[in-house]
There are 4 protein chains.
Amino acid sequence: MAKPLRIGMIGYGFMGRAHSNGYNRVANFFDLEYHPVLQAACARDAANAKAFADKWGYQSVETDWRKLVERKDIDAVDICTPNNLHKEIALAAAANGKMILCEKPLAMNAAEGEEMCRAVEKAKVLNTVWYNYRRVPAVTFAKQLIDSGKLGKIFHYRANFLQDWTISADLPQGGAALWRLDVAAAGSGVTGDLLAHCIDTAIWLNGGITTVNAMTETFIKERKHNLTGKVEKVGIDDACAFLARFENGSLATFESTRYARGHKALYTFEINGEHASIFWDLHDLHRLQYFDHRDQGTTRGWRSIHVTDGDHPYMGKWWVPGLAIGYEHSFVHQVADFLEGLAKGQPAGPTFRDALETQRVCDAVLASAQSGAWTNV
Amino acid sequence: MAKPLRIGMIGYGFMGRAHSNGYNRVANFFDLEYHPVLQAACARDAANAKAFADKWGYQSVETDWRKLVERKDIDAVDICTPNNLHKEIALAAAANGKMILCEKPLAMNAAEGEEMCRAVEKAKVLNTVWYNYRRVPAVTFAKQLIDSGKLGKIFHYRANFLQDWTISADLPQGGAALWRLDVAAAGSGVTGDLLAHCIDTAIWLNGGITTVNAMTETFIKERKHNLTGKVEKVGIDDACAFLARFENGSLATFESTRYARGHKALYTFEINGEHASIFWDLHDLHRLQYFDHRDQGTTRGWRSIHVTDGDHPYMGKWWVPGLAIGYEHSFVHQVADFLEGLAKGQPAGPTFRDALETQRVCDAVLASAQSGAWTNV
Amino acid sequence: MAKPLRIGMIGYGFMGRAHSNGYNRVANFFDLEYHPVLQAACARDAANAKAFADKWGYQSVETDWRKLVERKDIDAVDICTPNNLHKEIALAAAANGKMILCEKPLAMNAAEGEEMCRAVEKAKVLNTVWYNYRRVPAVTFAKQLIDSGKLGKIFHYRANFLQDWTISADLPQGGAALWRLDVAAAGSGVTGDLLAHCIDTAIWLNGGITTVNAMTETFIKERKHNLTGKVEKVGIDDACAFLARFENGSLATFESTRYARGHKALYTFEINGEHASIFWDLHDLHRLQYFDHRDQGTTRGWRSIHVTDGDHPYMGKWWVPGLAIGYEHSFVHQVADFLEGLAKGQPAGPTFRDALETQRVCDAVLASAQSGAWTNV
Amino acid sequence: MAKPLRIGMIGYGFMGRAHSNGYNRVANFFDLEYHPVLQAACARDAANAKAFADKWGYQSVETDWRKLVERKDIDAVDICTPNNLHKEIALAAAANGKMILCEKPLAMNAAEGEEMCRAVEKAKVLNTVWYNYRRVPAVTFAKQLIDSGKLGKIFHYRANFLQDWTISADLPQGGAALWRLDVAAAGSGVTGDLLAHCIDTAIWLNGGITTVNAMTETFIKERKHNLTGKVEKVGIDDACAFLARFENGSLATFESTRYARGHKALYTFEINGEHASIFWDLHDLHRLQYFDHRDQGTTRGWRSIHVTDGDHPYMGKWWVPGLAIGYEHSFVHQVADFLEGLAKGQPAGPTFRDALETQRVCDAVLASAQSGAWTNV
């Protein structure tokens, strides 16, 4: 009989839905010692909280996150708020001995992140950050291939995250749906929102980043602010590209923008090793492109691996070979791994400490974009 | 407050899981007047029934489907058994006034199907057959494009369903996981299992098929039978290809096999119209390829439409543009449409009567393969 | 010092250009004992003949092909006329002891083809038919893979040749550029023009075809005839699809049409074997898709082989890896192989006799489309 | 009657072949006032010069380029030597009043390039540099789309040129086939060899580059030198990536390497504009990917334009729609445009002056890689 893990959810937006779906589905597909119980959902507005709780099956609602983190019947707090609230909530949750599942990026900056790490480590509470792309089966499979040595020495890493949803100058900034454009709520633009994903994956797959050199741009300088009703300066980066070097000697380019027409969520990465290369693309997330130089010469070619077989990561839990799963399943997998880590006493990554490393790279990127100089992480 | 629709599920295999997932998830994403309640699961073996019920949340179990279809607390019966039981269960369920959701193909043959249609129509119970691919968003979108007239007069229809899982001569036939290879349980091989999907989609998109000319092949003539333990003749078709003509004057080729190395579930279709063409592929199910001759000449090209925008069919219910959903969502959509049909009194297709038409084509295909002659549907 | 092979070219259209380019370029890239000399070009209209000869460097012109085939200073006759002239010219050329390079299809029908075979075999003159796709490097490479046994037992062959250039009802038939729509000049429509290519490749790669079952359609029943100025019945097939069985036990589908919007010259074939499959596509002719089941399980995938390496067929003669060649090079290769066959006394295929086999299949296809019955080749 | 343009070719390697093929073929496909005559080929080794001249039809040979550039019967000099000879030859050719067609990059650095520009401008001789990719039809078509305003304001430019041929540490540097690895002959590694192509295209399509920030790497530090027989330090850059800003406000990333397993000559570029985006890839050079946001919403998608129609740039000269041409044709086109420029008195780009701009960017890139700082062009 599975043991309950009682979840308190703070936030009810896109990520609130994605995480809730992860909690709701995991038991149908994974055999686990623990099962999530949707204990309480929290939103400042009572009606929003109620509607969200009804939709997803949360048993109660709160309108003050401070109350939620103090509730005795909550085992784990899920932080799905804008970035500027992560630290405060996490510190309170840790102080109350709650496990924490925090949306990415970990914090507004590395200093906040360091404080959060110290808090959870002092409180000895299980913690994780929702860098969900690690658990897309094709990405997890990429990790297996690299760890098995198939790529050999790595020469190059290349990652992009391209979108096109903020090109219109008429789009306002701030408020519920658009806090990602408001620097006060988000901390940064594409760097924290999108490149943070790329950096987390990169560190996981290819090790530490030592130094970076970046440029950023804000194409639309002013937008109406939803909270003030006034046209205000836009403080976030619309686009950011940076060069980097890894500890293993490989070179990297990273780029993200919300001004790339035709791309909705085109997160891609490519790794070139001495023996083999891999390429992945979020728009066709169930495929991994793989080139192995050790294949017989004339038949060498990029292999389009449809990562849907039973012996591919996570896929034995789902349907049959050839049938694709989607974006949302990465969250189900993260829930499953979190619960398994809880049962085994071996925390599943990325922990706050892991995510802090990504935060440090983001900080270095933004500092380099200001100074124009190579900046060590 | 949503009204319950109490489901009695018969079967616990691949399709039992897929349908159950549809019932479990629909309320998290769709706003509906009815919500499914998993009332009872039925399997001959009590342990199997119990395990399945626990996994998916069915509130009770039965080991005799006859009991299940008679239970007063069941509103709708879901038939997920091998094909040879569809008719008997459907007739009993209809006689008890139950709505019926039946796995495809409808029956072992058109004669059985006709009997089933008469039964549900006489009982006036809502009925549907799980030809789920109609509700992959890209396929539904193809239907919208055709209905809007964008393709113009249709010249060609081309559909394949290619797999490679039965190539080994060591694979036995019959029993729980392999009833699809046993002609006594399945009725036919790829014709009823895979081409039935292609035919359902084709009729839906392109209208009635008038005449067919087919060939079939059984590459492995004998296999060990799991139920008898003896090597027995294989009665199913391993491969089937047929030429066809539609009522609208278009020509078609259809092909299915389980002997196409490298293809797991490659269901593809292409339609060539006077003005435009479309192509779809289950392995990349969130894309629709679309060519429009009315585009400006030099910039004409096949458009790879990533069917993940909010104004694409069903997609407004899920995540944000660019984020793909998968195979299983087609069943969620079918549940949603069934429930909406129930609420509005407008049954969602395909009904038993719709599915009977597909059955007639299958019968004609198998007859033609025997006779070698063009056979009218 | 290379020996001259003096060419007499009859015709000056698309194929006249493609062959002339083959003759002109071969010596720059291949080291051969013979080199083509463009001795004479023949066209009924003197101005056309002169313009063509000037463009390509033919040293003289003729307006009567009978004169050309009798000239002592001609070693080989290249027949690029409409199909209805192939037989008569070939018989005369053979009678004059000329080598013959004849455009495909060999003849209007197998009876004519048989007569042509007997003529060249009696005259003992080297002969070939321009089924040029055999010599696209990726196709030649496919042949090597098959011959090496990599595919194992073959289960399926699948070929299409799709175009869209005759959809408009305003397009006339007959005359210089449009003789392919005039049954009197072409003999048939897509069957002889496009499927003949598919059949030649298929027989080369997969062995003999034993029996076929076909359907044809003429979507536009009447068109203005350029030669008479009157609206006349269209006698060719606009579309043709057929089922087939090969001697090796494999099943096939073939389809061709000029009514597939979005496809210009989409000749594709796929072969599914016990161990491996291959797929090729004329629109991306420098790639061969290859799936090998014997690859390690989790890394299996369709390989996109960029057939441009020095150890790929013919490619060592051209540029460097990664740099593609195009359509026209297949003719250069055929010239090179013809000349090498001449030097070695080992005729390069396809000979007239090889091409006759394709003609027999075409005849069976057209007969089956008439009768509706399976027809043996 | 076409007027002759008598070519003196210096060099006989890969580019000597590619240019010679351009000269030999142009008259078969283009109607031009001038036609190239292969007057003389020059190589230091007489046997090499003779073999090359025989292969391509040059009428005479020289072993001293100084003699060649002084010959009265030469109208234009084609410089296909290693980069370190470009300047000296160009200056001498200009002094003798010869037109000059010079391989890229223009020179070892911008200072040399400036000197060369002054020389040809003083001598008033027609001059061009073989940045051939401008004349791949899909690239020329991209230029047309941009110039027509279809993309609108440009936000991003992204170019890569990836190869994998120098990964082995056993590969020596220097000498005939490997001068590109010898810094004394080449001046730089991938920057001058590959990024120069990317930069030329970028400036042509998107205007001037104002500032860059680069990193370079030499993965193999020492290689045997073919000329000395000793292991020597490698002076070239194996890889180079840089950030850039254009005058039009757009941001760019450029990357090139010879250490990207699986890529032979993967030159790609993507441009993201306000209204539309384009993507091109040398490995499938006959396709242009095009996304137009102004397409009707639900049917938007990346269009795979097969740039083979008669109304696509240059394609009316070749075959019929759907039939691809290859890499070498870009040189034929450049010859055709050079000859047309000569006839019309309107020099075809890129001129030496145009190519100097690319050289300045290369210099800035290499300087930035040294200093670590943003460097203005």
Side-chain angles (χ1 to χ4, degrees), chain A residues 136-152 205 270-273 275-281 284-318 320-325, chain C residues 136-152 205 270-273 275-281 284-318 320-325:
Chain A
V136 170
V139 177
T140 314
F141 182 47
K143 171 73 168 163
Q144 293 178 355
L145 290 176
I146 294 167
D147 288 353
S148 76
K150 274 193 186 294
L151 273 65
L205 295 180
E270 176 167 337
I271 310 179
N272 302 131
H275 304 306
S277 290
I278 55 178
F279 173 84
W280 176 79
D281 165 357
D284 292 294
L285 58 81
H286 50 293
R287 291 192 179 272
L288 189 72
Q289 307 291 331
Y290 173 70
F291 179 93
D292 195 328
H293 185 68
R294 287 159 305 195
D295 282 341
Q296 190 270 326
T298 55
T299 62
R300 273 184 212 130
W302 281 83
R303 302 185 192 179
S304 180
I305 304 176
H306 203 240
V307 185
T308 62
D309 281 350
D311 51 2
H312 285 132
Y314 302 108
M315 291 307 299
K317 304 296 183 184
W318 298 98
V320 298
L323 299 181
I325 59 173
Chain C
V136 170
V139 177
T140 314
F141 183 47
K143 171 72 168 164
Q144 292 178 354
L145 290 176
I146 294 167
D147 288 353
S148 75
K150 275 194 185 294
L151 273 65
L205 295 179
E270 177 167 336
I271 310 180
N272 303 130
H275 304 307
S277 290
I278 54 178
F279 174 84
W280 177 78
D281 165 358
D284 293 293
L285 56 83
H286 50 293
R287 291 190 179 274
L288 189 73
Q289 306 292 330
Y290 173 68
F291 179 92
D292 194 329
H293 185 67
R294 288 159 305 195
D295 284 340
Q296 188 270 325
T298 54
T299 61
R300 272 183 213 132
W302 281 83
R303 301 184 193 181
S304 180
I305 305 176
H306 203 239
V307 185
T308 62
D309 281 349
D311 51 1
H312 284 133
Y314 302 108
M315 291 307 297
K317 305 295 184 183
W318 299 98
V320 299
L323 299 181
I325 59 171

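Lettering follows sequence order; numbering is per chain, from 1.
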Write out all chain A-chain C donor-acceptor pairs shorter than 3.5 Å, or none if the list is empty.
| unit_1 | atom_1 | unit_2 | atom_2 | d |
| --- | --- | --- | --- | --- |
| T298(A) | O | H312(C) | NE2 | 2.8 |
| T299(A) | O | R303(C) | NH1 | 2.8 |
| T299(A) | OG1 | R303(C) | NH1 | 3.1 |
| W302(A) | O | S304(C) | N | 2.8 |
| R303(A) | NH1 | T299(C) | O | 2.9 |
| R303(A) | NH1 | T299(C) | OG1 | 3.1 |
| S304(A) | N | W302(C) | O | 2.8 |
| H312(A) | NE2 | T298(C) | O | 2.8 |

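Using a 4.5 Å cut-off between heavy atoms, F141(A) touches chain C through its side chain atoms alone. For chain C, the nearby part of L145(A) is the side chain; its heavy atoms alone come within less than 4.5 Å.
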